[in-house]
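Note sheet for the following structure.
Order of listing sets the numbers, starting from 1, for every ligand and every atom in it. We use all heavy atoms of the structure for the numbers below, so side chains are in, but hydrogens, waters and symmetry mates are not.
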Amino acid sequence: MRQHKLALCAEHYLDWIPEQTERFIKKYAMFDRDEKILVAVSGGKDSLSLWDILVRLGYRADGLYLALGIDAGIGYSRESRRLTEKFAVERNLTLHVADIEATYGKSIPALAEISRRGQGRPCSVCGLVKRHEMNRIARDLGYDVLATGHNLDDEAAVLFANTLAWSEEYLLRQGPVLLGSDGLARKVKPLCRFYEREMTAYAIARGIEYIYEECPFADGSQSIFYKETLNRLETARPGAKLTFYLNFLEARRSGNLFIDRNTAQIQLHPCPNCGQATSAPGLCSFCRMIEKTKNSP
Ligand code: AMP
Ligand code: FES
Ligand code: ZN
């Protein structure tokens, strides 16, 4: 790990990652051992490793898998579900599975096509549905905290995009913890300081079976472009990605971001249909999208 000037053998690495995760959980006051945690698991290396780590650290963590119905070609959803269920069964863990098509009558690609959100890419509808369903299920099942497997590469790419666009609202909200409100669980990202390759190394050294393929719709996405750009920077200047993210968190904490908090703070109100907080007038974007697709075959 050039950025830390540290080299570890597999045995010590498998201790080091959970120890660091515990440090981050405490540093950012993510949760404690009395709280009920729901880990959103996609079947990928990050979220399965996160679940593994939290259980090893003695936290009360159950899993949630969202079946998105993205099955053209390699059967991405089917295979990621199989691996997630296998992981849970082998470790005797509780996994909730929510099937989007069973609940809303249509898979993600079908919802995207009918609603015409996202210019032909299902990713924007997919993000909207995942966010909404994670919030809804965490609340309905009485979890205190919702944990996702976002790593440093994910977070730095989002930060990069938001900085290029100077999206003040998003810059104010992005971070390792998003406090809960109005019946919404707190959201946390305990892996946000680990490089993607560090998480790959952990999953492999730990012998976790995960889905190697990316979602087939990710190809050519903006987030992959930003990740590649940041990787070039990282190769030339090891540690650049981590510094970019940590200095952002520090600048925001100390009030040194050039952002007018008053104008950037958006007014939220509960959606009259589902109750989740929204800035849209009337129904939230999710409920509007579902309304729009309801009467289509
Ligand atoms: P992504 O949005 O695909 O970059 O994934 C970010 C995080 O969202 C993952 O680390 C998981 O915690 C969660 N996630 C993504 N897809 C799913 C899914 N199908 N079911 C449950 N959680 C998911
Ligand atoms: Fe949602 Fe790819 S995972 S569109
Ligand atoms: Zn709603």
Side-chain angles (χ1 to χ4, degrees), residues 37-51 54 61-74 76-81 83-85 87-88 95-100 104 107-113 117-118 120-139 146-155 157-158 182-184 187-192 194 196 199 203 210-211 213-221 223-224 227 268-291:
I37 303 158
L38 186 63
V39 187
V41 270
S42 65
K45 60 184 186 319
D46 303 298
S47 47
L48 285 177
S49 296
L50 173 61
W51 201 6
L54 294 184
D62 297 342
L64 166 66
Y65 176 79
L66 299 172
L68 307 168
I70 301 178
D71 279 317
I74 55 162
Y76 172 74
S77 287
R78 248 191 324 275
E79 181 60 5
S80 54
R81 177 174 180 168
L83 292 169
T84 305
E85 286 178 335
F87 180 95
L95 174 69
H96 307 281
V97 174
D99 188 323
I100 302 301
Y104 298 101
S107 67
I108 295 287
L111 287 172
E113 197 172 321
R117 266 179 79 104
R121 264 182 190 281
C123 306
S124 128
V125 165
C126 182
L128 182 66
V129 172
K130 283 196 284 203
R131 249 189 328 275
H132 185 276
E133 290 297 279
M134 285 177 196
N135 282 331
R136 178 181 71 80
I137 293 165
R139 179 189 61 190
L146 177 69
T148 53
H150 292 95
N151 59 40
L152 176 66
D153 293 48
D154 299 323
E155 292 301 286
V158 170
D182 304 326
L184 288 190
K187 286 194 197 163
V188 299
K189 300 169 185 167
L191 306 182
C192 65
F194 292 120
E196 174 161 9
M199 292 320 300
Y210 64 90
I211 184 155
E213 284 82 14
E214 290 265 2
C215 163
F217 297 117
D219 209 22
S221 68
S223 105
I224 290 193
K227 281 183 183 175
L268 299 177
H269 66 88
C271 165
N273 186 48
C274 69
Q276 290 191 22
T278 176
S279 59
L283 292 182
C284 73
S285 325
F286 175 84
C287 291
R288 252 184 303 136
M289 190 267 297
I290 293 294
E291 270 304 304

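Protein heavy atoms are absent from the 4.0 Å sphere centred on atom 4 (O) of ligand 1.
With ligand atoms numbered from 1 in the order given, ligand 1 contributes 21 (C) to contacts under 4.0 Å with heavy atoms of L64. Heavy-atom proximity to S47, at under 4.0 Å, picks out these atoms of ligand 1: 10 (O), 11 (C), 12 (O). Ligand 1 places these atoms under 4.0 Å from at least one heavy atom of T148: 12 (O).
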For this session: List the steps, then state whether salt bridge (charged side-chain N to carboxylate O under 4.0 Å, His left out) holds for R288 with E291.
Result: CA-CA 5 Å; R288 252 184 303 136; E291 270 304 304; over 6 Å; no
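Residue, atom and distance of the protein heavy atom nearest to atom 7 (C) of ligand 1 are H150 CE1, 3.8 Å. Scanning the protein for heavy atoms near atom 13 (C) of ligand 1, the closest one is M134 CE, 3.7 Å. In terms of protein heavy-atom proximity, atom 21 (C) of ligand 1 is nearest to V41 O, 3.1 Å. Of all protein heavy atoms, the one lying nearest to atom 2 (O) of ligand 1 is K130 NZ, 3.5 Å. Taking atom 2 (Fe) of ligand 2 as the reference point, the nearest protein heavy-atom neighbour is C215 SG, 2.2 Å. Summary of contacts: the protein heavy atom closest to atom 9 (C) of ligand 1 is G149 N, 3.9 Å. Protein heavy atom at the shortest distance from atom 16 (N) of ligand 1 is S42 CB, 3.4 Å. Of all protein heavy atoms, the one lying nearest to atom 12 (O) of ligand 1 is A40 O, 2.6 Å.
Of all non-hydrogen atoms in I108 and C126, the two that sit nearest each other are CG2-CB, 3.7 Å. In terms of heavy-atom proximity, V41 sits nearest to G63 at CG2-CA, 4.2 Å. Across all non-hydrogen atoms, the minimal contact from C284 to C274 is SG-SG, 3.8 Å. Contact detail for D153 and K227: the closest heavy-atom pair is O-CE, 3.8 Å. Summarising the geometry of C287 relative to N273, their closest heavy-atom pair is SG-ND2, 3.2 Å, with the distance given to 0.1 Å. Across R139 and Q276, no two heavy atoms sit closer than the pair NH1-CG, 4.2 Å.
At the Zn ion (ligand 3), the vertex angle linking SG of C274 with SG of C271 is 110° (nearest 10 degrees).
Remark: the S80 side chain and the Y65 side chain contain an N/O donor-acceptor pair separated by less than 3.5 Å.
Using a 4.0 Å cutoff on heavy atoms, D154 does not count as a contact of ligand 1.
Contact annotation for K130 and ligand 2: only side-chain heavy atoms (C-beta onward) come within less than 4.0 Å of the ligand. Within the 4.0 Å heavy-atom criterion, neither part of L50 lies near ligand 1. At a 4.0 Å heavy-atom cut-off, ligand 1 does not touch V39 at all.
Looking at D219, its side chain never comes within 3.5 Å of a backbone N or O of P216 through a donor-acceptor pair. With hydrogens and angles ignored, the 3.5 Å screen pairs a side-chain donor or acceptor of H269 with a backbone N or O of A280.
Checked against the 6.0 Å centroid threshold, Y104 and F286 count as a close aromatic pair.
Open room surrounds CD on E113; 12 or fewer heavy atoms of other groups in view lie less than 6.0 Å from it.
For atom 19 (N) of ligand 1, the choice among V158, D153, L66 with the nearest heavy atom turns out to be L66. Scanning C126, S42, A218 for the heavy atom closest to atom 4 (S) of ligand 2 points to C126.
Within the coordination shell of the Zn ion (ligand 3), defined by N, O or S atoms under 2.8 Å, C284 is present.
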